[in-house]
J.: 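Here it is: the structure, laid out below.
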Amino acid sequence: MVHDRPQPDTGGAPTLDQAQRQITRYGLTADPQAILVAARLMTAGARLGQAGEAHFSRFGLSTGRYRLLADLEDHGGEKSPSQLAVSLGVSRATVTGLVDGLERDGLVARRPSAEDGRASVVILTARGAQRLRDMAPEHYARMQAMVGGLSVEERTVFLDLLARLVEGMDALTAD
């Protein structure tokens, strides 16, 4: 029974009663449970972002730097900055900053594009590939442990729900 489970840490997100009071205070007709789910998701996202940064700092990386290295590795070790921006969902300026730092650390390098000599591509260096290999055992063990309290069936449902929530995120930024 769901009620027998210990109550999760809400991380400062409102309770259902608080969401209802806020809705009433503003004279709205919003669904308090929908507001509660959204508020808790936003709180969890912020906490996950902080935990991710602490996690990747163990390996001398940030979340963004790790994602860029992993994306390069997944695509044969080479991509243009604009391709990286699209696949990572960030701006070209963000990619430039990430690449600058990774290049200083010797984890990536820039070289002229074979297709267009005026453009450059970012390549994963042997040192960058080794960093990913070295961190993989601990990284994947911690990732698995993070969701270890969920059964296979619960993870399947969660992935479906998460995909639908991600689709709904545009509601926060739509004009």
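If you read the sequence from its start, that first residue is 1, and numbering goes on from there.
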J.: Any pair with a residue in residues 69-79 that passes salt bridge (Lys or Arg N to Asp or Glu O under 4.0 Å), sequence neighbours left out, goes on the list, sorted by first then second residue, please.
T.: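 Applying salt bridge (Lys or Arg N to Asp or Glu O under 4.0 Å) to every pair that reaches into residues 69-79, excluding sequence neighbours, yields D71-K79, E78-R111.
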
J.: So, do E153 and V157 sit near enough that their side-chain heavy atoms are less than 4.5 Å apart?
T.: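 A side-chain contact is absent here, since even the closest heavy-atom pair is not under 4.5 Å.
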
J.: Which heavy atom of A19 sits nearest a heavy atom of I35, and at what distance?
T.: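 Here A19 and I35 meet closest at CB-CG2, 4.4 Å.
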
J.: What is the minimum heavy-atom distance between V108 and V122, and which atoms define it?
T.: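 For V108 versus V122, the nearest heavy atoms are CB-CG1, 3.8 Å.
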
J.: Measure across F59 and R131 and return the closest heavy-atom pair with its distance rounded to 0.1 Å.
T.: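 Closest approach of F59 to R131, heavy atoms only: O-NH1, 2.9 Å.
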
J.: Answer yes or no: is there a donor N or O on one side and an acceptor on the other, between the side chain of Q18 and the main chain of T15, under 3.5 Å?
T.: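 Side chain of Q18 to backbone of T15, a donor-acceptor pair under 3.5 Å: yes, one is there.
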
J.: Look up atom CZ in R67 and atom CG in L84, then write down how far apart they are to the nearest 0.5 Å.
T.: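 Result: 10.5 Å between the selected atoms.
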
J.: Does any N or O in the side chain of E103 come within less than 3.5 Å of the main-chain N or O of D100, such that one atom is a donor and the other an acceptor?
T.: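 Such a contact is absent between E103 side chain and D100 backbone.
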
J.: I'd like to know if the side chain of T94 and the backbone of V90 have a donor-acceptor N/O pair within less than 3.5 Å.
T.: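 No; judged by distance alone, with no hydrogens or angles, the pair does not exist.
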
J.: Where is the tightest heavy-atom contact between S120 and P81, given as atom of each residue plus distance?
T.: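 Result for this residue pair: O-CD, 3.3 Å.
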
J.: Any idea which heavy atoms bring L69 and L132 closest together, and the distance?
T.: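 L69 and L132 have their closest heavy atoms at O-CD1, 3.7 Å.
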
J.: When rounded to the nearest 0.5 angstrom, what distance separates CD in E53 from CD in Q50?
T.: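 Interatomic distance, E53 CD to Q50 CD, rounded to 0.5 Å: 9.5 Å.
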
J.: What are the two closest non-hydrogen atoms of L98 and S62, and how far apart are they?
T.: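 What the structure gives for the nearest pair is CD2-OG, 4.4 Å.
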
J.: Considering only distance and modelled atom types, tabulate donor-acceptor pairs under 3.5 Å from the side chains of residues 160-173, sequence neighbours left out.
T.:
{"residue": "D160", "atom": "OD2", "partner": "R164", "partner atom": "NH1", "Å": "3.4"}
{"residue": "T173", "atom": "OG1", "partner": "D170", "partner atom": "O", "Å": "3.4"}

J.: Under 3.5 Å, is there a donor-acceptor pair between the side chain of S113 and the main chain of V121?
T.: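 Such a contact is absent between S113 side chain and V121 backbone.
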
J.: Would you compute the distance between atom CZ of R142 and atom CE of M135 and round it to the nearest 0.5 angstrom?
T.: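 Reported value, rounded in 0.5 Å steps: 10.5 Å.
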
J.: So, does D31 use its side chain to make a donor-acceptor pair with the main chain of Q33 at under 3.5 Å?
T.: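 Yes; at least one donor-acceptor contact below 3.5 Å.
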
J.: Following the transitive rule for hydrophobic clusters with a side-chain heavy-atom cut-off under 4.5 Å over Ile, Leu, Val, Met, Phe, Trp and Tyr, establish whether I123 and L88 coincide in one cluster.
T.: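 No; tracing contacts between hydrophobic side chains, which count when under 4.5 Å, never links both residues.
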
J.: Apply side-chain contact (heavy atoms from CB on, under 4.5 Å) to S57 and list each qualifying residue two or more places apart in sequence or on a separate chain.
T.: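 Checked S57 against side-chain contact (heavy atoms from CB on, under 4.5 Å); zero matches.
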
J.: Would L61 and L107 satisfy side-chain contact (heavy atoms from CB on, under 4.5 Å), going step by step from the backbone distance to the final call?
T.: CA-CA 10 Å; L61 298 170; L107 304 177; 3.9 Å; yes

J.: Residues sharing V152's hydrophobic cluster, by side-chain heavy-atom contacts under 4.5 Å among ILVMFWY, directly or via others?
T.: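 Members besides V152: none; it forms no cluster.
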
J.: Test of understanding: with side-chain hydrogen bond (donor to acceptor under 3.5 Å, both in side chains), list the residues that count as partners of S80, not counting sequence neighbours.
T.: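 Checked S80 against side-chain hydrogen bond (donor to acceptor under 3.5 Å, both in side chains); matches are S82, Q83.
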
J.: To the nearest 0.5 Å, what is the distance between OG (S87) and CG (L72)?
T.: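 Rounded to the nearest 0.5 Å, the OG-CG separation comes out at 8.0 Å.
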
J.: Does some side-chain heavy atom of R58 sit less than 4.5 Å from a side-chain heavy atom of H139?
T.: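 With C-beta onward as the side chain, the pair stays apart.
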
J.: According to a hydrophobic-cluster definition based on side-chain heavy atoms being under 4.5 Å apart (Ile, Leu, Val, Met, Phe, Trp, Tyr only), do Y140 and F56 belong together?
T.: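 Y140 and F56: one cluster.
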
J.: By side-chain contact (heavy atoms from CB on, under 4.5 Å), which residues pair with T24, not counting sequence neighbours?
T.: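 For T24, the residues satisfying side-chain contact (heavy atoms from CB on, under 4.5 Å) (neighbours in sequence not counted) are Q20.
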
J.: Just checking, is any N or O donor in the side chain of Q130 or R127 under 3.5 Å from an acceptor N or O on the other one?
T.: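 No, because no side-chain N or O of Q130 sits under 3.5 Å from a partner of the opposite role on R127.
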
J.: Between atom CG of D17 and atom CG of L36, what is the distance when rounded to the nearest 0.5 Å?
T.: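 The CG atom of L36 is 10.0 Å from CG of D17, to the nearest 0.5 Å.
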
